[in-house]
Amino acid sequence: MFFAQGWRNFGPPNCERNNPPPMAKNKFLTSRAENYSDWYNEIVKKAELAENSEVRGCMVIKPYGYAIWERMQRILDDMFKATGHQNAYFPLFIPKSFLSKEADHVEGFAKECAVVTHYRLKNDPNGKGVIVDPEAKLEEELIVRPTSETIIWSTYRNWIQSYRDLPLLINQWANVVRWELRTRMFLRTAEFLWQEGHTAHATEAEAVAEAEQMLNIYATFAEQTLAIPVLRGVKSERERFAGALNTYAIEALMQDGKALQAGTSHFLGQNFAKAFDVKFANKDNQEEYVWATSWGVSTRLMGALIMTHSDDNGLIVPPVLAPIQVVIIPIYRKEEEKVRVVEKCHEVSAILQGAGLRVKVDDDDTKKPGWKFSEWELKGVPLRLALGPRDLENHKIEVARRDTLTKEVMDLGVDFSKVIKGLLEEIQTTLYQKAQAFRETHTHRVDSWEEFQAAIDADIPGFILAHWDGTSETEEKIQEATKATIRVIPFEENPEPGTCVFSGKPSRQRVVFAKSY
RNA sequence: CGAGGCGUAGCGCAGGCCGGUUAGCGCACCUGCUUUGGGAGCAGGGGGCCGCAGGUUCGAAUCCUGCCGCCUCGACCA
């Protein structure tokens, strides 16, 4: 793996001190080349996104990490509202019997459910501490929701009588629990935060359109907000959501060449309507089962964010998403300098905020500028401004780009907020293009089993476009042989037929294989 | 759930084989002075049930037994 290091100067010289010293690679992180998963874990911790908690498999999301998640929530929520969805909240607990009403659904989740069996503790008669009171056993055990289809559809039964009640377009922001044996920060934790949309429709076509619409919203969000290029498509039967007729997904490629499912949208058919007896009277007063969708993205997107853009100096947050887009660092020696410099920093900040930017002046007196540079670099703030006594005199400010690690000196006399805004837009575009270029160079069309194996065994395996005979058996054999799975069957307007790389049987179109998270 | 590794200050570790004053080091923290344009320097200072429980011993961080927890790699997984 090759990764550029160190600050360079950018732009033409426009000031007498236009050659700030370049910086050596910071020494705070393991490099990606050295150990990719150490690098990932260290970013999570050192950028103060999250840390391991006292509870096995669960993490504490720290304020900076949560601020990023809140930005994701805000932007997605606006997109949901703009397409007619409303938020609601359903219980954390699901009666055990609900889960088993849809056969595929329960089979998919049974192995990772946390179960509440008692409702009371009491003092341990044999010593100190408390024990579960055996007298307080629940008549029916409660499952901590791994997803909410069952509780929601049992509720929808009461909400839907007529075609006039449809469509029902509900979303909830919630936590869910899936008892994972092996966890990784943000990518797979026992408890995680997400949103789950659950919609009910009068017709199949409408439900399918909803599932597709939401997939497109996720794709737009990933590409425009997170600057993560994604592939859209349908999941194979093996990868399909438990209880769905069809699962759509967006898949992103991480820097280590593994795929990450970044969002899913499911067409549930009438499976849950039948399981929970949700019917409506159509215009002809005939009873019909309701058609359903569900769709979700989770805090896993934080993992996608980290592994798409970040470098060996730390996190890189795209400007549209960044809770802090611009950090301003005052530089001074004496108290008298400090007053003037800090005042000017706040002045600059106010102008930028007036232009609609999210700005922080880091005037913490207990830390030195160099420390702050590294800190905000680790945290991935897109632009850093530094202002010292010399800049004050010259009416200049130093501007450093996190994505390219370049810096230059900008004149404060002009409409600099416009310049800053332009730079942020450029950073957003650059990040997307860089990720897209990476994906392109790590996407391989293969036509033989030998090529397939060679591609999947590469240091950075990437996406592999190959023909597949459409059977789960073949998919399973390919996975056994290579660890690669079908990430997505792309939407193709003109599918190109061929022969399966594994079985040699006829194939309708190429599908995307990859090793995945 | 399998295999390996690790639990000693907030974090990262040394010490352990070969038991013996007051358990050490780096970072972080506190105080003071000097510093401040890429994680500052010096001086002083605080902080430990050495994972838990039992055993051996005059004496255990160190040896023995059991337990618990964490990490890595597999298995599993929407």
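Chain letters run A, B, ... following the sequence lines, proteins first and then strands; every chain starts at 1.
- Taking atom P on both nucleotides, rG16(B) is separated from rC1(B) by 35 Å, rounded to a whole Å.
- The P atoms of rA23(B) and rC49(B) are separated by 13 Å, rounded to the nearest whole Å.
- Pairing for rU72(B) goes to rA3(B), judged as Watson-Crick or G-U wobble with the two contacts each under 3.5 Å.
- Applying the 4.0 Å criterion to OP1 and OP2 of rG69(B), one finds that N52(A) has every side-chain N and O outside that range.
- Taking atom C1' in both rC71(B) and rG12(B), the straight-line distance is 14 Å, to the nearest Å.
- Among the heavy atoms of the strands lying under 4.0 Å from N41(A) are primed sugar atoms or P, OP1, OP2 only; no base atom is included.
- Each of K45(A), K62(A), K46(A) was scored for a salt bridge (Lys or Arg N to Asp or Glu O under 4.0 Å) with E51(A), with one residue passing: K62(A).
- If you find the closest nucleotide of RNA chain B to V55(A) and to R300(A), the one lying nearer the 5' end belongs to V55(A).
- Summarising the geometry, the separation between CD on E51(A) and P on rC11(B) is reported as 10 Å, rounded to the nearest angstrom.
- When rounded to the nearest whole Å, the span between NZ of K334(A) and P of rU36(B) equals 9 Å.
- Across the strands present, rC49(B) finds no partner; the criterion is a Watson-Crick or G-U wobble pair with both atom distances under 3.5 angstrom.
- K515(A) NZ: more than 12 foreign heavy atoms inside a 6.0 Å radius.
- Checking rU36(B), rC76(B), rG38(B) against every side-chain atom of L181(A), the shortest atom distance belongs to rC76(B).
- The listed nucleotides are rA75(B), rG37(B), rU36(B); the one nearest the side chain of D391(A) is rG37(B).
- When the P atom of rG74(B) is taken as reference, atom CD of E480(A) falls 16 Å away, rounded to whole Å.
- Taking atom CD of residue E475(A) and atom P of nucleotide rC77(B), one finds them 13 Å apart after rounding to whole Å.
- Aromatic rings of F186(A) and W69(A) (six-membered ring for Trp) have centroids beyond the 6.0 Å cut-off, not under it.
- Taking atom CD of E42(A) as the reference point, atom P of rG12(B) lies 11 Å away to the nearest angstrom.
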Pair E210(A)-Q213(A), side-chain hydrogen bond (donor to acceptor under 3.5 Å, both in side chains): steps then yes or no: CA-CA 5 Å; E210(A) 166 76 4; Q213(A) 170 186 245; 3.2 Å; yes
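- Residue A386(A) is classed as a base contact, given a heavy-atom separation below 4.0 Å to a base.
- Spacing of C1' atoms, rU62(B) relative to rG41(B), comes out at 38 Å, to the nearest Å.
- A donor atom on one side chain and an acceptor atom on the other are found under 3.5 Å apart for R487(A) and T485(A).
- Minimum atom distance to the side chain of S374(A) is reached by rG38(B), of the listed rG38(B), rU36(B), rU72(B).
- When both pairing distances are held under 3.5 Å, rC77(B) makes no Watson-Crick or G-U pair with any nucleotide shown.
- Side-chain atoms of K483(A) lie closest to rA75(B) of the nucleotides rG38(B), rA75(B), rG37(B).
- For rG37(B), one of the phosphate oxygens OP1 or OP2 lies less than 4.0 angstrom from a side-chain nitrogen or oxygen of K368(A).
- Checking rG37(B), rU72(B), rG38(B) against the side-chain heavy atoms of P389(A) singles out rG37(B) as nearest.
- In this structure, R56(A) reaches the sugar-phosphate backbone alone: every heavy-atom distance under 4.0 Å involves primed, P, OP1 or OP2 atoms, never a base.
- As rounded to the nearest Å, rC18(B) and rA75(B) have C1' atoms that lie 41 Å from one another.
- rA3(B) and rU8(B): their P atoms are spaced 24 Å apart (whole Å).
- Checking rC77(B), rU36(B), rG37(B) against the side-chain heavy atoms of E180(A) singles out rC77(B) as nearest.
- Side-chain rings of H105(A) and W153(A) stay apart, their centers remaining 6.0 Å or farther from each other.
- Y517(A) and D256(A) share a side-chain donor-acceptor pair at under 3.5 Å.
- Using a 4.0 Å heavy-atom cutoff across all strands shown, T147(A) reaches at least one base atom of the nucleic acid.
- Between the side chain of R333(A) and the base of rG37(B) there is no donor-acceptor pair of N/O atoms closer than 3.5 Å.
- One finds a side-chain N or O of R182(A) lying less than 4.0 angstrom from the OP1 or OP2 phosphate oxygen of rG74(B).
- The separation between K46(A) atom NZ and rG12(B) atom P is 11 Å, rounded to whole Å.
- Searching all strands for a Watson-Crick or G-U wobble partner of rC27(B) with both distances below 3.5 Å returns rG10(B).
- Taking atom P in both rG24(B) and rC68(B), one finds a spacing of 33 Å when rounded to whole Å.
- Remark: P of rC77(B) and CG of L260(A) are 18 Å apart, rounded to the nearest angstrom.
- When both distances must be under 3.5 Å, the Watson-Crick or G-U wobble mate of rU21(B) does not exist.
- With rounding to whole Å, D364(A) atom CG is found 13 Å from rA40(B) atom P.
- For the pair G370(A) and E149(A), nearest-nucleotide mapping onto RNA chain B gives the more 5' position to G370(A).
- In this entry rC33(B) has rG41(B) as its Watson-Crick or G-U wobble partner, both defining distances falling under 3.5 Å.
- Of the candidates Q261(A), K235(A), H266(A), T247(A) forms a side-chain hydrogen bond (donor to acceptor under 3.5 Å, both in side chains) with just one, namely H266(A).
- rG47(B) sits 12 Å from rG10(B) when the P atoms are compared, rounded to a whole Å.
- Looking at heavy-atom distances under 4.0 Å, Q261(A) makes contact with sugar-phosphate atoms alone, never a base.
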